[in-house]
Amino acid sequence: MQKVKIKVAKLLIFSLGLFLLTYPFTSSQAEEAYRIGAIFAVTGPAAWLGDPEKKAVELMVQRINRQGGLLGKRVKVVIYDTYGDPQAAVLKARELITRDRVMAILGPSRTPTSAAVMKALQLDREENRFQVPLVSCAAGRILTKPVKPWVFTTPQTNALAAERIVSYLSEKGIRRVGIIYVSNEFGEDGYESLKGSAAKHRITIVGVETYGGKDRDMTAQLTKLATKGPQAIINWSVGPTSVIVTRNFKELGLDKKGILLVMSHGQGNIKYVQLCGKAAEGVILPAGKILVAEDLPNADPQKRVLLSFKEAYESAYHEPVSHFAAHAYDALMLVVNAIKRGKVRPGDGKGLKEALEQYCRGFVGADGVFNYTPQDHNGLSVQDLVMLKVKKGRFILIH
Amino acid sequence: MKRDYLLLLTLTVTILLLPPLLPGDYYVEVLLFAGINVLVALGLSLLTGYAGQISLGHAGFYGMGAYISGALTAHLGWPVPLAAITALLATAFVAALVGWPTLRLKGHYLAMATLGLGIILYILFVQLRGITGGASGLSGIRPVHLGDLYFDTPRRYCYLVWSIVVLAFLFSINLVHSRTGMALRALHYSEVAASTLGIDVAMYKLKVFVLSAVFAALGGILYAHYITFISPETFGFMYSVDLVVMIVLGGMHSIWGALLGGTFLSLLPEALHRLEDLEVMVHGLILLLVLIFLPKGFVGLIEKVGEKIHGAP
Amino acid sequence: MVLLEAQEVTKSFGGVKALNGVDVTLQEGTITALIGPNGSGKTTFFNILTGVLPMDAGRVIFLGQDIGKWPAHRRAALGIARTFQNLQIFQEMTVLENVMIGGFRHTHSGFFGGGFGLPRARREMEQLRDRALELLERMGLAPYQGALAGNLPFGLQRKVEIARALSSRPRLLLLDEPAAGLTTKETLSIARFIQGLKEEGITVFLVEHDMDLVMGISEWVIVLNFGKKIYEGTPLAVKRERSVIKAYLGERGAQG
Amino acid sequence: MVNLIQYLFAGLTMGVIYALTGVGFNLIYNATGVINFAQGEFVMVGAMLLYTFQEVLHIPSPIALVLVVIGGIIVGLVFEHTVVKPLMPMGVITVIIGTIGASVVLRGGAMLIWGKDALAVSPLLSERPIFLFGAALNTQVLVVMAITALAVLFLWYFFSHTIVGRAIQACAMNPLAALLAGIPMEEMMALSFLLSGSLSALAGGLIAPITLAEYDMGTMLALKGFCAAIIGGLGNNPGAFVGGLLLGVMEGLSAGYLSSGYKDALAFLVLILILLWRPEGLISRGRGERV
């Protein structure tokens, strides 16, 4: 008799433990509101992407609700952290849909996490079980080329940024270019895009080098590239590694050898300039207009939008607004715009998807003027990127 | 022996009843990923818990299973079962090739060597872009289906995963209670004594190493064919560390430690994501507290509770 | 019949010559003792015979086969079992399991058989269990079968190690200081027990310091000093041999 | 030819960082026989503290570095008291997992205190590199190399020529005998953690200008620090110094001449080869194991 008692005790402990751990998550009753979910890499190796994105969305939802909400109803946003891990992104996306009953998901921040969510929830198929559109803040081509029915993206894709750089360089008569990129999804996609654009503009790539996300010294790779006689070196990376490349470039005195250092739109963040200190002087990069909002000509429709967002963000968080915050801002505002103009009812994911495809033409966002169509779920063009130069610690508009 | 079969029966019953009880697909998916973690941790429990050989590189074998099976179905369009078997054989072969020299090492040195192996495999997943899709990841991995029965809903896949976990536990229980299992425990406590009893210590260590690598690869295959998109960082050094933490928290001295530790570490992040920025720190604190207050892990705790009720010697 | 013959066995650690061309012949069914002062190379010789240590030169012939190069586990498969000077029992396994695994060489099921619970594997486990229980009864260890070997007092742990060695039904049993740390009463029972083995046809080769035990039960005694065999003979002859006394008690001792 | 020198300088830059971390490992390994997975986090805390003292509170660098060392001592002692001491009796694997848990706690804490962005720290000497044989070398590297050499010299002298130093070694080699010899084990262990904590924190402060300070910079540092310690022979401080430089130079050359993608793979391959053929490391004399 005693033995049986233990068996039962063990069974109970095991099932109870499992159930208790999961029980507290049952969702609160969903009252009448527009429920929008968001998953960003708030912590972990890609925290510099997710953190500003989360802040931007929280800020704008507060403002919308303060100004009477959307079509008279409150906007409720649920934000989870994926720490940049694809498995966690899939789990959190599923949780947003099945438990929090959201009608749209903003994010994730990185291409692999976005691709994992797209595949797991079958968002690349027209008919899928969940009928919830994903508005990703990642720039990878896998999300938009060819178009995925339920996936939209807001950042300027690597292809656009690469095209902007290469066309600018060829305009300046630069024919020989070296490329160095970080061996992650952003770097690889950037390299592929640069190869495509360079071929189109008949620019020869004299050398290619890579480095790891955690590497802290790239003098070897830069020296090797310099020996190939490039007129410009393009670095494609995000985060601290780009600071190291910029510093090493200066230490090696490559700028004195007349080599131009070009960064990717991943460096669209004043913190990058602050971290590099004097080493960033003279570096050029493509970026969204948000970084030079004040210098934009008044006729530019984006100026008003950018200035109000920039002012709101910087007064709320006391840190300079970045490119990545702009991606999340656009993701939210595109959804809000589609709901408002398409009169989409709360919870109608399919209605929202169609509204995004119809009512987001010529929509003035922070990253540019969006033209979503059923065939193009990125909707941006090369004109949405401007060329900037770092001068005395600030970005100035040069093209 | 009989006790373990009863526990396995308890697990099977729990797994059959649980998915329908869970309120939404999200929980089923958490349970599914927990099953995959438990399967990989079970292999490590046999290797480290029973045979005493530490490995800090098993995420590499987990990744091999995922990438080989994934690439075969994505690039060459192989049927899933064939790709899976090929992945298991390839992983077993590499594990044997690599295990033979490294298993001569002991303690820290073995831990360092396996750590190095895991990182080398990770770097291969990133650099062999033609096959693995590099850091941008590999997509287009075909979902699992037997004939026309598609395992594409979380619930069906959860049953698939946990049925494999139950079979793996059945295999492990038999193994642990067989002469082979005793030989593994013997060489754990004294390799010299074991060899003088006729146990080919080097071969036994290699076989259990390959077995644990195959379990890891099987976990990788199940992961790849569910999520149908994989990228290198899932198979990095941190997962190898998580695996060891799972068996230590669960209780290294018993295969059931892999079940409890694996499930616990899979549920912990889900329970903590309310804490946002605090999550990382709380995660570390919980690990430390369990280590300090539960020397033999959860299984040890349950055994102690059992002893109190049972009043065993 | 000669069971084992060691010829010219040599082994050195760095500059130190632990064994210097030692020849030993063991007749089947006899009890032979290996004695000598500390550091004379006794345990090293044991380790070489059992393959735990490789030897620099020499040959080891067992039942006509040269097993000099064989690894420990292959020699054990021929029926060579041993105990250790510094106890090597499996602490976290029960006494029963320690003795069961002793019979390893008589079973053949592997990972495949064990894992899938094939009938042969299950039968083999039953055989090991029955054989071990019978042995434990004989050695009076049955009451401790469920206890962890590591928790037993020293004397009992020694007995468990011997039981484990016997569980492999060896043809040659090497005992490395079986009486070390035992009370006189326990030493007597070990002596009687070893003689019992002789009736079962097991050849015993033991290293021992307890002269009463050595002289009491061995039919042949080999004396080592500084890695060289200085004498071998019957216990009586060895007792009187001057060179042996000199080796043990030094010059003046030998005169007295 | 200039390229070769530049690759060597690249190697030296990272090499000194690996060397310093490797020495930090040895200190704890020598005292407790444990590989401390939180060693990388000790270095990270040092880098972060320097940022706070030097960049935020604008304390002049020499004094800031001293404060960083004091911070490192505190971290080392708290770590020993809360993690190592309670877990020691439960075996090596459990202690290793304990250090992993501690590294996660330190990382989480740093993220809360200093945020998630990388932080820049100005170097001790000038920003501009110096040019030797036509190749550029960051001045901070020379500073780090000089201090590391000094630290290794001090530790070598401390462990071989002072009573306290020998006492610590005795504790590691044979705790029971050390206890019987009347050596106060508690203080010896604490002293080793104090040394390791302070050295690693100093290392963090010194390398921050080169690598930037980031809350999750610890993991990769720990891995490479392992390699350095093992190449030099676990427990051998001069060995770790040379091992770190070797590792760095090898990475620099492979990035320059082979492919930079496989640089880390090569480093760990060398680690495994050394473990298999000379586990006692390239530099130190062999240490047999009694059967």
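These figures come from a predicted structure and were not determined experimentally.
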Legend entry - Separation between CE of B:Met281 and CE of D:Met111, rounded to the nearest 0.5 Å: 10.0 Å
Inset, instruction - For chain D, find which of B:Ile286, B:Val244, B:Ile123 contributes the most heavy-atom pairs closer than 4.5 angstrom. - result: B:Ile123
Inset, instruction - Verify side chain to side chain contact (heavy atoms under 4.5 Å, CB included) between D:Thr219 and B:Met238, making sure each step is shown before the conclusion. - result: CA-CA 9 Å; D:Thr219 321; B:Met238 284 320 292; 4.3 Å; yes
Inset, instruction - Measure B:Leu288 against the heavy atoms of chain D and call it side chain, backbone, both or neither at under 4.5 Å. - result: side chain
Inset, instruction - Answer with side chain, backbone, both or neither: which region of B:Ile119 has an atom nearer than 4.5 Å to a non-hydrogen atom of chain D? - result: side chain
Legend entry - Interface moiety of B:Leu103 toward chain D, non-hydrogen atoms closer than 4.5 Å: neither
Inset, instruction - Calculate, to the nearest 0.5 Å, the distance between atoms CG and CZ belonging to B:Leu121 and D:Phe268 respectively. - result: 12.5 Å
Inset, instruction - Report the distance from atom OH of B:Tyr122 to atom CG of D:Asp264, rounding to the nearest 0.5 Å. - result: 10.0 Å
Legend entry - Within 6.0 Å of OH in D:Tyr257, more than 12 heavy atoms from elsewhere: yes
Legend entry - Engaged part of D:Ile97 at the chain B interface, taking heavy atoms whose separation is under 4.5 Å: both
Inset, instruction - For each of B:Ile292, B:Val282, B:Leu287, tally heavy-atom pairs with chain D at distances under 4.5 Å, and name the one with the top tally. - result: B:Ile292
Inset, instruction - Can you tell which part of B:Leu105 gets under 4.5 Å to a heavy atom of chain D, answering side chain, backbone, both or neither? - result: side chain
Legend entry - Proximity breakdown for D:Ile96 and chain B, heavy-atom pairs closer than 4.5 Å: side chain
Legend entry - Rounded distance [0.5 Å steps], CD1 in B:Ile120 versus OH in D:Tyr262: 11.5 Å
Inset, instruction - Would you give the length of the straight line joining atom CG of D:Leu275 to atom CG of B:Leu110, rounded to the nearest 0.5 angstrom? - result: 9.5 Å
Inset, instruction - Counting only heavy atoms closer than 4.5 Å, note whether B:Val245 contacts chain D via side chain, backbone, both or neither. - result: both
Legend entry - Portion of B:Thr114 that has a non-hydrogen atom of chain D nearer than 4.5 angstrom: neither
Legend entry - Region of B:Leu117 in contact with chain D, defined by heavy-atom distances below 4.5 Å: both
Inset, instruction - Flag the one option from D:Val83, D:Thr82, D:Leu223, D:Ile100 with the top tally of heavy-atom pairs under 4.5 Å to chain B. - result: D:Leu223
Inset, instruction - Flag the one option from D:Leu269, D:Leu276, D:Leu271 with the top tally of heavy-atom pairs under 4.5 Å to chain B. - result: D:Leu276
Legend entry - Interatomic spacing from CD1 in D:Ile35 to OH in B:Tyr109 - rounded to 0.5 Å: 8.0 Å
Inset, instruction - Using non-hydrogen atoms and a 4.5 Å limit, figure out which bit of B:Phe237 sits close to chain D: side chain, backbone, both or neither. - result: side chain
Legend entry - D:Leu112 versus chain B, the contacting section by heavy-atom distance below 4.5 Å: side chain
